[in-house]
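One structure below.
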Amino acid sequence: GAGVSQSPSNKVTEKGKDVELRCDPISGHTALYWYRQRLGQGLEFLIYFQGNSAPDKSGLPSDRFSAERTGESVSTLTIQRTQQEDSAVYLCASSPLGRGAGELFFGEGSRLTVL
Amino acid sequence: AQRVTQPEKLLSVFKGAPVELKCNYSYSGSPELFWYVQYSRQRLQLLLRHISRESIKGFTADLNKGETSFHLKKPFAQEEDSAMYYCALRTTSGSRLTFGEGTQLTVNP
């Protein structure tokens, strides 16, 4: 594909339900990031995958949040037992190695609303 | 730990006026600094990075290690510059990008 693809683009769920968000990075990009953007706030780092290295999970806000990545392709962000404060836009980004490293290519985001 | 601060959440200028979006950082090493921009209904995208020392869409940013700043400047703002601007830092360890809170720039006609 031409860019980073995220699905679903919009998700409305009830408090307490689990949700799964998907990210398809640009082919060949070894780095993949998840960020959260609450209304009126900046980008909050969640997790970072770099090739086969152990992921940097230091930004995950609680053990209800987890993420996986299959090789250097698709990643899923799972939020268990959703709470209203989880409502936000979840952004995925990928980045190549080498000279291009540091330039992140973002998806359009998945907007999560927890009722 | 590294930190990026953008002191202004909102900034409003008139078309043709100079604009400066402030960014300060805290990191003990030699960071890489970036500016990202998000126009209305578009994806967040890279505007410029300090190592390139280039001017993009009339914007420039100089890394001032003494003041730990990376302010974004444009001498004559245009209406199409209205957007959300994020300053970001990457440590030399080559790991994650840390973003500031963002500044919403509005250029009025």
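Proteins come first, then strands; the chains are lettered A, B, ... in the order of their sequence lines, and each starts at number 1. Keep in mind that the numbers below use all heavy atoms, side chains included, and drop hydrogens, waters and symmetry copies.
For CZ of B:Arg3, the number of neighbouring non-hydrogen atoms (other residues, nucleotides, ligands) closer than 6.0 Å is 12 at most. For A:Glu68, the CD atom sits in a loose shell: 12 or fewer heavy atoms of surrounding residues, nucleotides or ligands are nearer than 6.0 Å. Enclosure of atom CD in B:Glu80 by more than 12 non-hydrogen atoms of other residues, nucleotides or ligands within 6.0 angstrom is indicated. No more than 12 heavy atoms of other residues, nucleotides or ligands sit less than 6.0 Å from atom CG of A:Leu39. Heavy-atom contacts from other residues, nucleotides or ligands closer than 6.0 Å to CD of A:Glu14 number 12 or fewer.
Linking Ile, Leu, Val, Met, Phe, Trp and Tyr whenever their side-chain heavy atoms come within less than 4.5 Å leaves A:Val89 and A:Ile79 in two separate clusters. Note on A:Tyr35 and A:Ile47: separate hydrophobic clusters, where clusters join Ile, Leu, Val, Met, Phe, Trp and Tyr whose side-chain heavy atoms are under 4.5 Å apart, directly or indirectly. Note on A:Tyr90 and B:Met84: separate hydrophobic clusters, where clusters join Ile, Leu, Val, Met, Phe, Trp and Tyr whose side-chain heavy atoms are under 4.5 Å apart, directly or indirectly. Both A:Leu77 and A:Val114 belong to a common hydrophobic cluster when Ile, Leu, Val, Met, Phe, Trp and Tyr are linked at side-chain heavy-atom distances under 4.5 angstrom. At a threshold of 4.5 Å between side-chain heavy atoms, the hydrophobic network of Ile, Leu, Val, Met, Phe, Trp and Tyr places A:Ile26 and A:Leu21 in two separate groups.
Under the 4.5 Å side-chain criterion, counting only non-hydrogen atoms from C-beta, A:Gln37 is in contact with B:Gln38. When side chains are defined from C-beta on, B:Tyr36 counts as touching A:Leu104, because their heavy atoms get closer than 4.5 Å.
Against chain A, the residues from residues 39-47 of chain B that qualify, each with a non-hydrogen atom under 4.5 angstrom away, are B:Arg43, B:Leu44, B:Leu46 in number order. Contact residues of residues 97-109 of chain B toward chain A are B:Leu97, B:Phe99, B:Gly100, B:Glu101 (heavy-atom distance under 4.5 Å).
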